[in-house]
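Okay, so here's the structure we're looking at.
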Amino acid sequence: MMYRSLTPDEISRLRQQGCTAEDWQQVLVKDGFDPQYVEDARFSGEVRIGVFNRMVEMPGGVRVHSGIRHAVIHRCTIEDDCHIYNVHNYIANYHIGESTCIENVNAVLVDGRSRFGNGVRVAVMNEGGGREIPIFDHLSAHLAYILTLYRHRPDLIRTLERMIDAYAAEQESDMGYIGSHVRIINCGSIKNVRIGDYAQVAGTSRLRNGSINSTEAAPVRIGSGVKCTDFIVSSGVEISDSTLVDKCFVGQGCIFDKHYSAGESLFFSNCQGMHGEAAAIFAGPYTVTHHKSTLLIAGMFSFLNAGSGSNQSNHMYKLGPIHQGLVERGSKTTSDSYLLWPSRVGAFSLVMGRHTHHTDTSALPFSYLIENNSESFLVPGANLRTVGTIRDAQKWPKRDNRKDPVRLDQINFNLLSPYTIQKMMQGKEVLSELQQISGENTEVYGYKNCKIRNASLQHGLQFYSLGIAKFLGNSLISRIEKSISPDTSHLTIEQVRQILMPDTEIGKGEWIDLSGLIAPKSEISRLLDAIEQGLLSLADVQQRFVTLHENYYTYEWTWALGILEQVWGCSAREVTMEQILCTINEWQDAVVRLDRMIYEDAKKEFDLNSQTGFGADGNDEQRQQDFESVRGRFESNPFVVEVLAHIERKSALGDKMRKLLA
């Protein structure tokens with residue numbers, strides 16, 4: 001809509017209401033502008049003002065008419081139906097969207113030219129430098145993973161940095177933007193910050209050089225006492241309760257509150273930080289810490305649950321804080337646990353106690369890493385049988401806070417995947433080799449600054465075998481089920497062989513976890529080659545990640561079939577019905593045995609020890625009644641019921657498959 005100059009009558013009315021301007025000719029308005037809604041305002045530079053037709057409802061039900069009151073406005077465009085009231089200093093160099101409310105703030109300004117946080121270098125993982133990541137609006141966990149860990153390909157890193165810097169340069173402006181339907185209330189200073197639609201900024205202390213990428217579908221909320229500097233905040237984020245954020249990227253759906261402190265770090269989808277501190281960390285999706293005295297420092301994590309008092313050391317007091325660590329997906333640290341960097345913890349592991357040696361358990365996933373008399377003992381595969389592991393895998397998809405239809409991170413929630421199964425296969429080789437070298441009767445085996453008891457080694461071989469059988473059977477049965485009609489009653493071996501043929505060659509070989517995205521390493525290598533050759537834009541790279549994620553199950557089958565052919569000792573074109581039925585029988589046995597272990601593990605939560613403290617003033621019967629009123633009965637616990645139902649469903653599915661293939 002075209003803007004026009006003020007009429008003499010409008011200027012006169014504005015002056016009567018306490019308004020002034022350096023040059024009234026530079027104050028432009030839309031047709032329909034009513035000066036009665038502008039009071040005690042001072043204008044400088046070119047100012048454009050929309051119309052004020054609507055009432056604005058404030059918290060508590062108070063209604064005020066849109067307009068500008070008690071404010072200094074310099075070089076701004078103010079769209080229709082904004083409510084700007086009681087600006088203590090001034091608003092300068094901003095385009096403010098329609099129906100936005102700015103009330104009781106100190107200053108909102110752009111000073112000079114700004115990129116609004118884009119291009120800021122974050123010294124992630126290594127406080128000594130060398131892995132600085134340029135953040136920008138559309139940074140994904142997977143691109144950041146490549147930028148962080150692929151420093152052995154300098155041409156790749158330089159190409160990506162040039163692309164991100166070019167994007168940041170495109171964002172540079174001496175005018176800021178505050179979107180439509182934004183609420184900025186009772187805030188301190190906001191300088192060089194771009195704010196998206198429907199954001200709510202209330203009681204915030206200070207915002208400096210950043211972007212708040214709020215959307216109508218996924219509003220951002222920044223609360224009381226928050227201080228953010230050099231930052232990018234993605235859609236759906238909530239930051240409150242005096243949280244401090246300095247040089248950080250905050251991904252979609254993250255929640256920070258209760259005085260959390262984060263510096264020089266990257267946080268991706270659905271991370272949560274409360275009470276504790278993060279310094280130079282790469283927090284992949286679902287990195288969660290809720291407790292005081294918890295320090296995450298100089299490490300890479302994802303799907304992590306950090307217990308109270310968990311911390312790590314990246315400083316050997318020699319050349320400075322130059323050490324780093326990697327905790328693979330799905331791990332947990334118990335209260336007061338400690339890891340000395342450099343170390344690496346395998347996927348879905350539990351870390352308990354203080355570990356003062358440089359351990360590497362990446363080849364032994366689903367393990368317990370336990371301190372005993374200042375030594376690190378490893379219990380391989382034990383986490384496969386625990387109720388907590390299964391509960392985590394079930395809760396992550398349910399706790400996805402992302403409401404934005406455009407998702408930056410492509411997250412694979414699968415507990416068993418080519419990534420974890422190849423590690424189990426590697427784990428079996430490691431354990432078998434330890435047996436061969438040291439002998440089967442050795443009481444304690446040594447492995448990469450850890451000790452493994454003989455019984456733990458034996459159980460580890462068993463757990464890994466069950467996990468592998470479960471995954472391979474899942475893939476085989478899923479492939480058959482998806483390839484037949486519901487009324488199919490029988491399949492011949494020729495039909496089965498045809499069903500087993502892969503749809504693509506992609507998927508063979510090693511798989512990797514790019515902080516949430518599980519994909520064949522060969523495809524990532526092709527992607528990186530294309531980036532180095534200058535064939536892709538940042539948008540193209542993101543689309544490649546999306547495509548890899550969407551085709552996960554197609555690629556997974558190619559990989560699984562390759563492993564099945566090794567087990568069968570022949571190709572899918574030569575496999576017999578007997579071999580297929582054997583795989584299904586092993587799958588059913590593995591599923592039932594693991595579920596039974598999980599069932600027994602869950603039962604521990606209802607034993608007599610768990611009832612300690614219940615029915616404090618009563619007898620045994622009252623203690624039982626008190627416990628059941630709070631915790632319920634074991635037999636009716638929803639998780640327990642689901643485990644038993646899962647056994648029944650899988651047993652029935654096994655019977656169905658055997659009948660189909662008989």
Side-chain angles (χ1 to χ4, degrees), residues 110-173 191-194 206-213 227-234 237 244-251 254 256 261-268 271 277-284 287 296-301 314-315 319-326 408-409 514-515 528 531-532 537-538 541-542:
V110 171
D111 185 19
R113 299 188 67 81
S114 175
R115 297 184 177 187
F116 308 101
N118 287 280
V120 167
R121 261 56 177 178
V122 175
V124 70
M125 282 192 74
N126 195 314
E127 286 190 293
R131 297 191 189 277
E132 292 83 359
I133 304 300
I135 61 175
F136 71 108
D137 292 323
H138 308 294
L139 182 64
S140 70
H142 329 307
L143 181 59
Y145 179 96
I146 292 167
L147 282 162
T148 303
L149 295 187
Y150 281 68
R151 296 286 165 157
H152 55 283
R153 299 184 65 161
D155 291 341
L156 168 70
I157 302 303
R158 281 193 292 268
T159 300
L160 286 171
E161 287 179 341
R162 282 197 300 268
M163 293 163 67
I164 294 171
D165 287 340
Y167 173 87
E170 292 173 359
Q171 310 310 306
E172 184 174 307
S173 176
K191 180 179 178 181
N192 293 354
V193 177
R194 185 171 56 189
R206 184 180 69 235
L207 301 175
R208 292 281 189 279
N209 188 36
S211 290
I212 298 173
N213 295 321
K227 296 179 181 179
C228 298
T229 305
D230 298 331
F231 65 95
I232 300 287
V233 167
S234 304
V237 167
L244 305 179
V245 174
D246 180 41
K247 285 192 175 181
C248 289
F249 177 90
V250 184
C254 290
F256 293 158
S261 175
E264 300 278 4
S265 297
L266 308 177
F267 299 89
F268 296 98
C271 289
E277 179 183 358
I281 71 166
F282 186 117
T287 298
L296 299 178
I297 186 168
M300 177 176 284
F301 314 90
N314 66 330
H315 203 312
L319 295 177
I322 59 174
H323 301 285
Q324 64 186 47
L326 200 159
L408 298 178
D409 299 335
L514 283 83
S515 194
L528 302 187
I531 293 172
E532 283 182 341
S537 66
L538 287 173
V541 174
Q542 178 65 11

Would you call the rings of Phe282 and Tyr145 parallel, tilted or perpendicular, where under 30° means parallel and over 60° means perpendicular? perpendicular
Polar side-chain atom of Glu127 near backbone of Met125 as donor-acceptor pair, under 3.5 Å: no
Flag the pair Val124 / Leu147 as yes when at least one side-chain heavy-atom distance between them is below 4.5 Å, and no otherwise. no
Side chains of Thr229 and Arg206: does their closest heavy-atom pair fall under 4.5 Å? yes
Shortest non-hydrogen pair, Ala280 vs Ala123, comes out as CB-O, 3.5 Å
For Ser515 and Gly284, which heavy atoms make the closest approach, and how far apart are they? OG-CA, 3.3 Å
State, yes or no, whether a side-chain contact exists between Asp137 and Phe116 at a heavy-atom distance under 4.5 Å. no
Taking the side chain as every heavy atom from C-beta outward, state whether Leu143 and Leu538 have any pair of such atoms under 4.5 Å apart. yes
Can you name the nearest heavy-atom pair linking Pro134 to Glu161, along with the distance? CG-CG, 4.1 Å
With distance as the sole criterion, is a donor-acceptor pair present between the side chains of Thr148 and Arg131 under 3.5 Å? no
Show, in sequence, the C-alpha distance, side-chain angles and deciding distance for Tyr167 and His138, and conclude whether the side-chain contact (heavy atoms from CB on, under 4.5 Å) test is met. CA-CA 10 Å; Tyr167 173 87; His138 308 294; 3.4 Å; yes
Any side-chain heavy-atom pair from Ile157 and Arg151 closer than 4.5 angstrom? yes
Close side-chain approach of Val250 and Phe231, heavy atoms under 4.5 Å: no
For Glu264 and Val122, work out which heavy atoms get closest and say how close. C-CG1, 3.2 Å
Would a 4.5 Å heavy-atom cut-off, applied to side chains only, mark Ile146 and Leu528 as touching? yes
Checking Thr287 against Leu296 for the side-chain contact (heavy atoms from CB on, under 4.5 Å) test, could you report, in this order, the C-alpha distance in whole Å, the side-chain angles of both residues, the deciding distance, and whether it holds? CA-CA 10 Å; Thr287 298; Leu296 299 178; 4.2 Å; yes
Would the distance check show the side chain of Ser211 and the main-chain N or O of Ile232 forming a donor-acceptor pair, the cut-off being under 3.5 Å? no
With a 6.0 Å cut-off on the ring centroids, do Phe249 and Phe268 count as close? yes
Separation between CZ (Arg158) and CD (Glu532), nearest 0.5 Å, reads 9.5 Å
Ring geometry between Phe256 and Phe267 (parallel below 30°, tilted from 30 to 60°, perpendicular above 60°): perpendicular
Any Lys/Arg nitrogen of Arg121 or Asp165 sitting under 4.0 Å from an Asp/Glu carboxylate oxygen of the other? yes
So, does Asn192 use its side chain to make a donor-acceptor pair with the main chain of Asp111 at under 3.5 Å? yes
May I ask you to decide if Asn126's main-chain N or O and Gln324's side chain share a donor-acceptor pair within less than 3.5 Å? no
Tell me if a side-chain donor or acceptor on Gln542 pairs with a main-chain N or O of Leu408 at a distance below 3.5 Å. yes
